[in-house]
Amino acid sequence: MATTATGGAFVDAVLAAVRAIPRGEVRSYAHIARLAGRPRGARQVARILAAAADPALPWHRVVRADGRIGFAPGSAGHREQARRLRAEGVVVRAGRVAPPAAEAPALDALLWAPR
DNA sequence: CTCATGACTAGCT
DNA sequence: TAGCTAGCCATGA
């Protein structure tokens, strides 16, 4: 137990946060890390998912901050994750999930009018 | 203890 | 828009 002392709770929080991701949605490693109480622990989140032995864990719903899949393109993990996401209705193209309203109608642009 | 690696991110060119 | 660099954090040699 004391191998990671301060990290035990973190691991538990990460797993809980990942399980809390709704089906058909995705979250970034940094986002999960923040929910777990470690804004700079994105890489540790990835490590935890890799070590997680829970088959029911929706690890495939965790992607990088820019929407791309963490696994290297062409690798088994990459294809597996893309396959699972598509099975949930998530649009995956060129190894990345559909961006949140990348192309919005002029109406939305007028309503938002940021910058 | 120091060095290298990685399912990461944000910033700069 | 795309590519590179530096920073961050835990694990293993």
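So that the names make sense, note that chain A is the first sequence line, chain B the second, and so on, each numbered from 1. These numbers come from a predicted model, not from an experiment.
- For the pair A:Arg38 and A:Phe10, the cation sits on the ring face: its NZ or CZ lies under 6.0 Å from the ring centre, inside 45° of the axis.
- Counting only heavy atoms from C-beta on, A:Leu49 has its side chain closest to B:dA7 among B:dG6, B:dA7, B:dT9.
- Looking at residues 54-65 of chain A, you'll see A:Trp59, A:Arg64, A:Ala65 sit with a heavy atom under 4.0 Å from some atom of DNA chain B.
- In this structure, A:Ala50 reaches the bases: a heavy-atom distance under 4.0 Å links it to at least one base atom across the strands shown.
- In this structure a side-chain-to-backbone donor-acceptor pair under 3.5 Å is missing from A:Arg68 to A:Arg96.
- Counting to the nearest Å, the C1' atom of B:dC8 and the CZ atom of A:Arg47 are 12 Å from each other.
- For A:Asp66 and C:dT1, the CG to C1' distance is 13 Å, given to the nearest whole Å.
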Show your working on side-chain contact (heavy atoms from CB on, under 4.5 Å) between A:Glu25 and A:Glu88 and close with a plain yes or no.
CA-CA 8 Å; A:Glu25 292 289 321; A:Glu88 295 187 348; over 6 Å; no
Could you go through the side-chain contact (heavy atoms from CB on, under 4.5 Å) check for A:Ile32 and A:Leu49 one step at a time?
CA-CA 11 Å; A:Ile32 299 299; A:Leu49 294 183; over 6 Å; no
Expected rows: protein N/O vs nucleotides 6-9 of chain C N/O, under 3.5 Å:
{"residue": "C:dC8", "atom": "N3", "partner": "A:Arg43", "partner atom": "NH1", "Å": "2.9"}
{"residue": "C:dC9", "atom": "O4'", "partner": "A:Gln44", "partner atom": "NE2", "Å": "3.0"}
{"residue": "C:dC9", "atom": "O2", "partner": "A:Gln44", "partner atom": "OE1", "Å": "3.0"}

Stepwise side-chain contact (heavy atoms from CB on, under 4.5 Å) check, A:Val18 with A:Val62:
CA-CA 7 Å; A:Val18 172; A:Val62 185; 4.0 Å; yes
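- Using a 4.5 Å cut-off between side-chain heavy atoms of Ile, Leu, Val, Met, Phe, Trp and Tyr, with links allowed through other members, A:Ile21 and A:Phe71 fall into the same hydrophobic cluster.
- The distance between atom OH of A:Tyr29 and atom P of C:dA10, rounded to the nearest whole Å, is 18 Å.
- Protein atom NE2 of A:His31 is 18 Å distant from nucleotide atom C1' of B:dA7, rounded to whole Å.
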